[in-house]
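One structure is given below, encoded as structure tokens.
Per chain, numbering begins at 1; letters A, B, ... match sequence-line order. These figures come from a predicted structure and were not determined experimentally.
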Amino acid sequence: MALLVKHMLGLEQVEREDIETILDTAASLQEISYRPVKKVPTLRGKTQVNLFFEPSTRTRTSFEIAGKRLSADVVNFTASASSLSKGETLADTARNLWAMRPDILVVRHSAAGAPHLLAKLLDTPIINAGDGAHEHPTQALLDMFTVREKKRKLSGLKVVIAGDIAHSRVARSNIYGFSKMGAEVWVVGPPTLIPPGIERMGARVSYRLEEAIPDADVIMMLRIQLERGAGSLFPSLREYAIRFGLNPARMRLCKPDVLVMHPGPINRGVEISPEVADGPYSVILDQVEAGVAVRMALLYLLCAGAEHEDTDQGRT
Amino acid sequence: MSKERKILDSDAVKRAMTRIAHEVVERNKGVESVVLVGIRKGGEPMARRLAQLLTEIEGRPVPRGFMDVTMYRDDIFHQKTHPKVHKTEIDFDIEGKVVVLVDDVLFTGRTIRAAMDALMDFGRPRSIQLAVLVDRGHRELPIRADFVGRNLPTARGDRVKVKFGEGAEEDQVVLIEAEENAAEPAGNEGGK
């Protein structure tokens with residue numbers, strides 16, 4: 001039952017079998033959050049360090065709650081409070097942290113590949129909580145979990161991811177994840193926000209929402225990442241909202257059982273109108289809830305995997 | 001070759017279950033505040049069976065739930081292959097109730113310890129009792145069952161397989177004897 005992978009760096013390298021194990025385990029663990037005592041003793045005595053070099057509230061909080069529900073000791077290490085501003089390299093920061101004997105590291109960094117570098121340097125399981133525009137595997141896992149709970153399957157579904165694909169690690173991880181599980185993934189947005197060659201990852205491309213959404217089972221709206229310079233790639237937010245925003249008129253084109261998703265934070269009135277975000281198709285808050293269960297599953301499975309590797313070495 | 005021996009056949013399982021059901025009723029003077037919690041996976045079919053028998057005897061439904069204790073085990077990081085985590089489904093309040101924990105085989109007692117810890121996270125029961133179909137000995141903790149279908153002397157390396165048949169299938173309990181000089185089993189998963 002342990003995973004084939006030792007780290008969760010991205011879904012590109014993860015087998016379908018592992019994704020299923022994580023989603024099944026998350027489904028069993030979700031109930032813990034509804035108990036009078038929302039805690040199990042599984043990771044008692046384990047130290048989880050959340051290493052966040054980039055601002056995040058929801059992902060960090062979700063990882064923190066997940067760790068605490070498993071009784072791990074959770075330590076938050078954020079860039080603003082760290083010695084990065086004093087000129088220390090990522091590798092040195094990591095070695096220093098490792099000397100404090102963490103059992104699992106959760107890493108977010110603005111540079112793609114940062115968690116992979118740490119995985120090479122350190123002998124501790126690492127979870128990528130978002131690296132640059134590369135991958136955000138736990139977001140994709142919680143998205144798949146949410147869809148699977150609602151649709152009872154992933155295979156054969158049509159998933160449309162719309163918005164700022166170019167800057168989105170969420171899009172990348174979801175393309176890998178949903179494709180591996182047998183879903184058909186479409187990406188939609190203005191040509192300037194769709195990276196050339198994305199078809200090679202297994203996604204179909206469209207430049208019009210009206211073309212992609214009528215037979216979609218899932219529509220995932222992404223935020224325009226203005227902080228990463230997306231604003232210079234289209235005329236104005238108002239025009240973007242008119243052409244690519246998900247609004248009630250466009251919802252009328254959709255299947256009656258379509259799911260509308262958003263990884264947050266949402267920009268109401270830009271990529272999604274308030275009526276849709278709060279409407280009956282929206283599963284945005286289910287996604288947030290799924291995040292805790294999926295992260296609990298991953299913390300548990302990776303910590304257990306690490307222990308087994310140690311015992312194996314002891315025996316040979 | 002390891003030897004297989006049938007310990008209880010379908011009729012014997014039925015008689016043992018009926019006796020356990022009557023003992024539960026007698027001990028608790030009815031089933032008014034009794035709830036059943038089966039430990040997954042082995043205790044699940046037994047809890048269903050026991051709930052059905054109690055309902056037939058007392059003429060009132062007895063709440064039953066199921067619990068997975070993996071996350072409470074003390075050997076979770078010691079076993080080589082670790083068990084799949086199953087769902088816990090207890091959709092009633094256990095506060096002030098008599099909880100009868102149900103499992104098929106009682107062996108080291110570690111599963112029951114984990115189950116009692118887990119139960120406490122759901123509320124404060126008035127008491128916890130334990131019903132098992134087979135007590136095979138070799139306790140590692142000070143735990144005993146209140147209701148036992150059959151006491152079965154075993155060697156530590158033996159395995160006990162309990163099957164509650166569905167529909168036309170037969171119930172049975174089988175003892176698989178360990179080979180001479182066989183290594184001690186690494187796990188202590190209820191000896192299944």
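A heavy-atom distance below 4.5 Å is not found between the side chains of A:T42 and B:Y72. Contact of the A:L43 side chain with the B:F77 side chain is registered, since non-hydrogen atoms from C-beta on lie closer than 4.5 Å. B:D121 has its side chain out of reach of A:K38: every pair of non-hydrogen atoms, C-beta onward, lies at least 4.5 Å apart. Between B:M71 and A:L29 the shortest side-chain heavy-atom distance falls below 4.5 Å. The shortest side-chain heavy-atom distance between B:K84 and A:T21 does not fall under the 4.5 Å cut-off.
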Could you please spell out the steps behind the side-chain contact (heavy atoms from CB on, under 4.5 Å) verdict for A:R35 and B:T88?
CA-CA 10 Å; A:R35 294 183 187 176; B:T88 292; 3.8 Å; yes
If you apply the rule side-chain contact (heavy atoms from CB on, under 4.5 Å), what do you find for B:T70 with A:Y300, and how did you get there?
CA-CA 11 Å; B:T70 309; A:Y300 161 64; 3.7 Å; yes
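For CD of B:E166, the number of neighbouring non-hydrogen atoms (other residues, nucleotides, ligands) closer than 6.0 Å is 12 at most. A:R16 CZ: more than 12 foreign heavy atoms inside a 6.0 Å radius. Within 6.0 Å of NZ in A:K151 there are more than 12 heavy atoms belonging to other residues, nucleotides or ligands. Within a 6.0 Å sphere centred on CD of B:E95, heavy atoms belonging to other residues, nucleotides or ligands number more than 12.
Going from atom CZ of A:R44 over to atom CD1 of B:I76 covers 12.0 Å, rounded to the nearest 0.5 Å.
Contact annotation for A:A27: both backbone and side-chain heavy atoms come within less than 4.5 Å of a heavy atom of chain B.
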